[in-house]
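Here is the naming used below: chain letters follow the sequence lines, and residue numbers restart at 1 for every chain.
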There are 2 protein chains.
Amino acid sequence: MSVSKAKAPDLTAPSSTVPADERRQLSNFLCFAVYSANLAFGRAYKPILDKLGLTYTQYIALVALSEGDDLTVGALGEKLFLESNTLTPILKKLETTGYLQRRRDPADERQVRVSLLPAGRKLLDKIPAASVVDATGLGEDFPEVQKSVTKLRDNLLRATQGRSGRASADDDRKSGT
Amino acid sequence: MSVSKAKAPDLTAPSSTVPADERRQLSNFLCFAVYSANLAFGRAYKPILDKLGLTYTQYIALVALSEGDDLTVGALGEKLFLESNTLTPILKKLETTGYLQRRRDPADERQVRVSLLPAGRKLLDKIPAASVVDATGLGEDFPEVQKSVTKLRDNLLRATQGRSGRASADDDRKSGT
DNA sequence: TGCGATTTAATCGTATGCGATCTATATAGG
DNA sequence: CCTATATAGATCGCATACGATTAAATCGCA
């Protein structure tokens, strides 16, 4: 917990002459903006994913696998910022639907390697994410907002000392794009 | 924060010379940035809220009530972008812990009015949200990011036609009832 | 006035997230 | 070689989110 930077703007803590009750507004909470934006994304994706019988979490799990296959559950969890207790049931379901494969690593039977199957790849190509991009209404600001939010996430995780996800350091190869 | 403002490489950009697999990277997904930032916020708040025996959702519910009391479940839901099926159990729990009060509106027995109790107000004053603000590491960019994300949320909800929340622009219509 | 349509919460079932714990496997030391 | 420790997933329990449905109250309108 570092020093508060020069200006700790709004949100919650500006020492001001107004009573706490009035400073403490949801509209000043970045965490609430993110929380509610996440709900909004879920609702925007729902009609699309429903048609394919996928949930949002299943979807991002498939996307993560499409860019790096044969990951262990732990490695996949680092990409997604999720633990095995969350991932295991999701991966099992995606396995039964035939989108991916789970295998114990022969070299280390503790690990489970997860691979996308052709059906999974095919499915991803069917998802018209463009419509959701459109729905963001951000236009050319899209990349900038994405970058800010990603940075926000990384800062928060760093400050929280990877309390529940060790995901520190190296995984962050700057989203160069 | 004005950074490269080139083009929107976004996430789904259809026209490109690269294969779909390579464009489809989590690092290009704004929805994933928001999703994971939300998880990160939850982890940042957890140690603070745990000490007070609150969950994050309970916390924002109390905050919402602190800025406008005696709301119906529906009105509170509009503020929080949640439905009664999510709110009811949360409010019941906050009632049993003595932080708020739930009463059927005598004028319309269908509605339940929710009010913060002194214990709830007192609790809110104890929450050191400043440390989380600090953990965002955004410094002076904080308000800007908050604004962008809020706008993003509102755009998404509008595009989704308030599928589950009619909360759009003028809620007055609603509360005016 | 009477009754179906509408509204508001609440209930139910499913799918996450996550802390705590358990199991199986691998590794280190003696 | 054999056990103590560590590691990776999986299991369990609790707390959201949310679609679908239900129950109760109110409203609309002939």
Side-chain angles (χ1 to χ4, degrees), chain A residues 35-36 38-47 49-50 53-61 71-78 80-97 102-114 160 162-166, chain B residues 35-36 38-47 49-50 53-61 71-78 80-97 102-114 160 162-166 173-175 177:
Chain A
Y35 167 83
S36 51
N38 183 49
L39 294 182
F41 260 124
R43 289 167 199 174
Y45 267 108
K46 188 132 216 310
L49 295 177
D50 271 354
L54 283 182
T55 65
Y56 179 74
T57 311
Q58 289 168 1
Y59 170 49
I60 60 166
L71 296 175
T72 64
V73 172
L76 181 58
E78 278 190 17
L80 299 178
F81 305 99
L82 294 173
E83 304 292 323
S84 71
N85 52 6
T86 299
L87 278 176
T88 296
I90 293 169
L91 295 176
K92 280 186 175 178
K93 171 154 295 191
L94 288 173
E95 184 179 41
T96 67
T97 54
R102 291 165 65 249
R103 284 172 305 184
R104 287 280 165 187
D105 186 331
D108 185 343
E109 293 280 345
R110 290 172 303 180
Q111 300 186 333
V112 168
R113 299 251 167 212
V114 186
T160 316
R163 287 172 49 76
S164 73
R166 62 241 299 96
Chain B
Y35 167 83
S36 51
N38 183 48
L39 295 182
F41 260 123
R43 290 168 199 174
Y45 267 108
K46 187 135 215 312
L49 295 177
D50 271 354
L54 282 182
T55 64
Y56 178 73
T57 311
Q58 289 169 359
Y59 170 50
I60 60 165
L71 296 174
T72 65
V73 172
L76 181 59
E78 278 190 15
L80 299 177
F81 304 98
L82 294 173
E83 304 292 324
S84 71
N85 53 7
T86 299
L87 278 176
T88 296
I90 293 169
L91 296 176
K92 281 186 175 178
K93 170 154 295 192
L94 288 173
E95 184 180 40
T96 67
T97 54
R102 290 165 66 250
R103 285 171 305 183
R104 287 281 165 185
D105 185 332
D108 184 344
E109 292 281 345
R110 290 173 303 184
Q111 300 185 334
V112 168
R113 300 250 166 215
V114 186
T160 315
R163 285 171 48 77
S164 70
R166 67 261 280 114
R173 176 188 196 299
K174 192 59 198 222
S175 47
T177 323

Would you kindly give the [atom1]-to-[atom2] distance between [X] and [N], to the nearest whole Å?
X        : N      : atom1 : atom2 : result
A:Leu91  : C:dT16 : CG    : P     : 10 Å
B:Lys92  : C:dA10 : NZ    : C1'   : 6 Å
A:Leu49  : C:dT16 : CG    : C1'   : 14 Å
B:Lys46  : C:dA20 : NZ    : P     : 7 Å
A:Tyr45  : C:dT16 : OH    : P     : 16 Å
A:Ile90  : D:dG9  : CD1   : C1'   : 14 Å
B:Tyr56  : C:dC18 : OH    : P     : 14 Å
B:Gln111 : C:dA10 : CD    : P     : 11 Å

**Asked** Nucleotide by nucleotide, 5' to 3', does protein get under 4.0 Å of the base (B), only the sugar-phosphate (S), or neither (-) in nucleotides 20-27 of chain D, counting heavy atoms?
**Response** B----BS-
Quick one: list whatever passes side-chain contact (heavy atoms from CB on, under 4.5 Å) with [X], sequence neighbours left out.
X        : result
B:Arg110 : B:Asp108
B:Thr57  : A:Tyr35, B:Thr55, B:Leu82, B:Ile90
A:Ser84  : A:Val73, A:Thr88

**Item:** Side chain B:Gln111, main chain B:Asp105, donor-acceptor under 3.5 Å
**Value:**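 Not at all, since once roles are kept as given, no pair shorter than 3.5 Å links the two residues.
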**Asked** Donor-acceptor pair under 3.5 Å: do we get one between A:Ser84's side chain and the base of D:dA10?
**Response**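 Answer yes: a donor N or O sits under 3.5 Å from an acceptor.
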Does OP1 or OP2 of [N] have a side-chain N or O of [X] closer than 4.0 Å?
X        : N      : answer
B:Thr72  : C:dT8  : no
A:Arg102 : D:dA10 : yes
A:Thr88  : D:dA10 : yes

**Request:** Compare the minimum distances between each of C:dA15, D:dC18, C:dG17 and the side chain of A:Thr55, then state the nucleotide with the smallest one.
**Result:**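 Nearest to the side-chain atoms of A:Thr55, counting from C-beta on, is C:dA15.
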**Request:** Could you check which of D:dT16, C:dA9, C:dG17 has an atom nearest any side-chain atom of B:Val73?
**Result:**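 Taking heavy atoms from C-beta onward, the closest nucleotide is C:dA9.
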**Upstream residue (5' side of DNA chain C) when A:Thr57 and B:Arg113 are each assigned their closest nucleotide** =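 The 5'-side residue here is B:Arg113.
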**Asked** Want to settle it: does B:Tyr35 or B:Arg104 sit nearer the 5' end of DNA chain C, counting the closest nucleotide to each?
**Response**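 Nearer the 5' end of the strand: B:Arg104.
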**Prompt:** With sequence neighbours excluded, what pairs up with A:Arg104 under the salt bridge (charged side-chain N to carboxylate O under 4.0 Å, His left out) test?
**Reply:**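 Salt bridge (charged side-chain N to carboxylate O under 4.0 Å, His left out) list for A:Arg104, sorted by chain: empty.
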**Message:** Restricting to salt bridge (charged side-chain N to carboxylate O under 4.0 Å, His left out), what partner residues turn up for B:Glu109, sequence neighbours left out?
**Reply:**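 With neighbours one apart ignored, the set is empty.
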**Request:** Side-chain contact test, heavy atoms from C-beta onward, threshold under 4.5 Å: evaluate it for A:Tyr56 versus A:Lys46 and give yes or no.
**Result:**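 With C-beta onward as the side chain, the pair stays apart.
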**Request:** Select from B:Lys93 and A:Leu87 the residue whose nearest nucleotide in DNA chain D is closer to the 5' end of that strand.
**Result:**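 It is A:Leu87, whose closest nucleotide lies nearer the 5' terminus.
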